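The block underneath contains the structure these notes are about, expressed in structure tokens.
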Protein chains: 2
Amino acid sequence: MNEKPHLSCPLAKVALLLSDTWTMRIIHTLLHESQRFCELERSLVGISTRTLTLKLQKLIEEEVVVKNDSVYELTSKGKKLKGVLSAMEKFGASA
Amino acid sequence: MNEKPHLSCPLAKVALLLSDTWTMRIIHTLLHESQRFCELERSLVGISTRTLTLKLQKLIEEEVVVKNDSVYELTSKGKKLKGVLSAMEKFGASA
DNA sequence: CAGGATCCCGCGGGATACTG
DNA sequence: CAGTATCCCGCGGGATCCTG
């Protein structure tokens, strides 16, 4: 395999976007309020500079996040992830 | 870091459970109907035997999936993931 | 503060072959 | 069919140091 093709399934695309340890947690943090790099670093205990940099870059590419004057915030697309996040939290709480 | 501790945040736990390429897609497939190993293999184009085996084991451990007579199906806990899945699909479709 | 550059390890995961 | 066993590669991601 390894085509990363016209993923017929929209779920597969989203899964690919979100399938890592940090992405959803970054979005979670940004959902509360825009944050600077070092603030994110402090909120996300355990994340490395490198990883945070990489994830933010990817999220910017995907237009989920924008950066203005060293401040990161969710785009309107990014805010739509709130539904996913709430669902995950709800599951996490109930299970 | 690397404690995998009393993750205070329920989101972090869920993120950890779901953060990989295949898990959500397996659940997606099982949500439609219970399936046998080879059926899952066929549905999940590109997955390797090994990976499918490993993911199913993990999901069984987490009590998201049960296995009866070589047939895999979601537990009631697993079915609760439908909310997460719908949210992801909705996002994927809108974005 | 905001990252980029390096180094490096371990895990995710594919390919293939084999067994009950 | 339903997996298990091996082999192996690449990426995720931590640690550390460096710069504007």
Side-chain angles (χ1 to χ4, degrees), chain A residues 1-5 7 9 11-30 33-62 64-75 78 88, chain B residues 1-5 7 9 11-30 33-62 64-74 88:
Chain A
M1 96 136 189
N2 177 35
E3 305 137 49
K4 179 175 303 191
L7 286 172
C9 176
L11 173 64
K13 287 192 303 185
V14 183
L16 235 46
L17 171 62
L18 305 180
S19 316
D20 66 83
T21 313
W22 295 107
T23 300
M24 281 312 280
R25 300 184 61 183
I26 293 173
I27 290 166
H28 182 212
T29 305
L30 287 176
E33 52 182 337
S34 316
Q35 303 230 10
R36 321 181 52 106
F37 193 88
C38 71
E39 294 172 325
L40 283 168
E41 242 177 335
R42 253 174 278 130
S43 302
L44 300 162
V45 181
I47 198 169
S48 66
T49 333
R50 180 172 180 278
T51 303
L52 181 54
T53 304
L54 292 177
K55 295 305 169 191
L56 285 172
Q57 279 171 4
K58 186 181 169 193
L59 288 172
I60 288 171
E61 271 174 36
E62 300 279 350
V64 166
V65 166
V66 275
K67 175 180 171 184
N68 293 318
D69 302 321
S70 299
V71 173
Y72 298 87
E73 58 183 319
L74 294 178
T75 62
M88 287 174 73
Chain B
M1 96 142 199
N2 179 33
E3 307 137 50
K4 178 176 304 193
L7 286 172
C9 177
L11 174 65
K13 287 191 302 183
V14 183
L16 234 47
L17 170 63
L18 305 180
S19 315
D20 67 83
T21 314
W22 294 106
T23 300
M24 281 312 281
R25 299 184 62 183
I26 293 173
I27 291 166
H28 183 213
T29 305
L30 288 177
E33 53 182 337
S34 316
Q35 302 229 13
R36 321 181 53 97
F37 194 90
C38 71
E39 293 171 327
L40 283 168
E41 241 178 335
R42 252 174 278 130
S43 302
L44 300 162
V45 180
I47 199 170
S48 66
T49 334
R50 178 172 181 275
T51 302
L52 182 53
T53 304
L54 292 177
K55 296 305 170 192
L56 286 172
Q57 279 170 6
K58 185 180 170 192
L59 288 171
I60 288 170
E61 270 173 38
E62 300 279 351
V64 166
V65 166
V66 275
K67 174 180 171 184
N68 292 317
D69 303 321
S70 300
V71 173
Y72 297 87
E73 57 183 319
L74 294 178
M88 287 175 73

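Fair warning: this is a prediction, and the values are worked out from it, not measured in the lab. Protein chains get the first letters and strands the later ones, always in sequence-line order, with residue 1 at the start of each.
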Taking atom [atom2] of [N] as reference, at what distance in whole Å does atom [atom1] of [X] sit?
X	N	atom1	atom2	value
B/Lys55	C/dC11	NZ	P	13 Å
B/Asp20	D/dG12	CG	C1'	13 Å
A/Leu59	D/dG12	CG	P	13 Å
A/Lys58	D/dG13	NZ	P	9 Å
B/Leu54	D/dA2	CG	P	17 Å
A/Leu44	D/dG14	CG	C1'	15 Å
B/Leu16	C/dG12	CG	C1'	14 Å
A/Gln35	C/dC1	CD	P	14 Å

If an axis is fit to five pairs at each end of the helix from C/dC1-D/dG20 to C/dG20-D/dC1, what is the angle between the two, to the nearest 10°?
40°
Only pairs at least two apart or in different chains count here, so list each side-chain hydrogen bond (donor to acceptor under 3.5 Å, both in side chains) that has a residue in residues 53-62 of chain B.
none
Can you list every pair that meets side-chain hydrogen bond (donor to acceptor under 3.5 Å, both in side chains) and has a residue in residues 34-45 of chain A, with sequence neighbours left out?
none
Under 3.5 Å, which donor-acceptor pairs link side chains of residues 67-74 of chain A to any protein atom two or more places apart or in another chain?
from	atom 1	to	atom 2	distance (Å)
A/Asn68	ND2	A/Glu73	OE2	3.3

Within-4.5 Å side-chain heavy-atom neighbours: A/Ile47 and A/Thr21
no
If we only count heavy atoms from C-beta on, is the A/Phe37 to A/Thr49 side-chain gap below 4.5 Å?
yes
So which atom in B/Met24 and which in A/Leu11 form the shortest heavy-atom distance, rounded to 0.1 Å?
O-CD2, 3.9 Å
Provide the closest heavy-atom pair for B/Arg25 versus B/Leu44 in the form atom of the first, atom of the second, distance.
O-CD2, 3.7 Å
Contact under 4.0 Å: A/Thr21 side-chain N or O vs D/dG12 OP1/OP2
no
So does A/Arg36 get a side-chain nitrogen or oxygen closer than 4.0 Å to the phosphate oxygens (OP1/OP2) of C/dC1?
no
Check side chain to side chain donor-acceptor pair (under 3.5 Å) between A/Thr29 and all other residues, then give those that pass, not counting sequence neighbours.
none
If you only use heavy atoms from C-beta on, which nucleotide in [options] is closest to the side chain of [X]?
X	options	result
A/Ile47	D/dG13, D/dG14, D/dA2	D/dG14
A/Ser48	C/dA2, D/dG14, D/dC1	D/dG14
A/Trp22	C/dG13, D/dC1, D/dG14	D/dG14

Any N/O pairs under 3.5 Å between the protein and nucleotides 3-6 of chain C? List them or say none.
from	atom 1	to	atom 2	distance (Å)
C/dG3	OP1	A/Lys67	NZ	2.4
C/dG3	OP1	A/Tyr72	OH	3.4
C/dG3	OP2	A/Tyr72	OH	2.3
C/dG4	OP2	A/Gln57	NE2	3.1

Once rounded to the nearest 0.5 Å, what's the spacing between atom OG of B/Ser48 and atom CG of B/Leu54?
8.0 Å
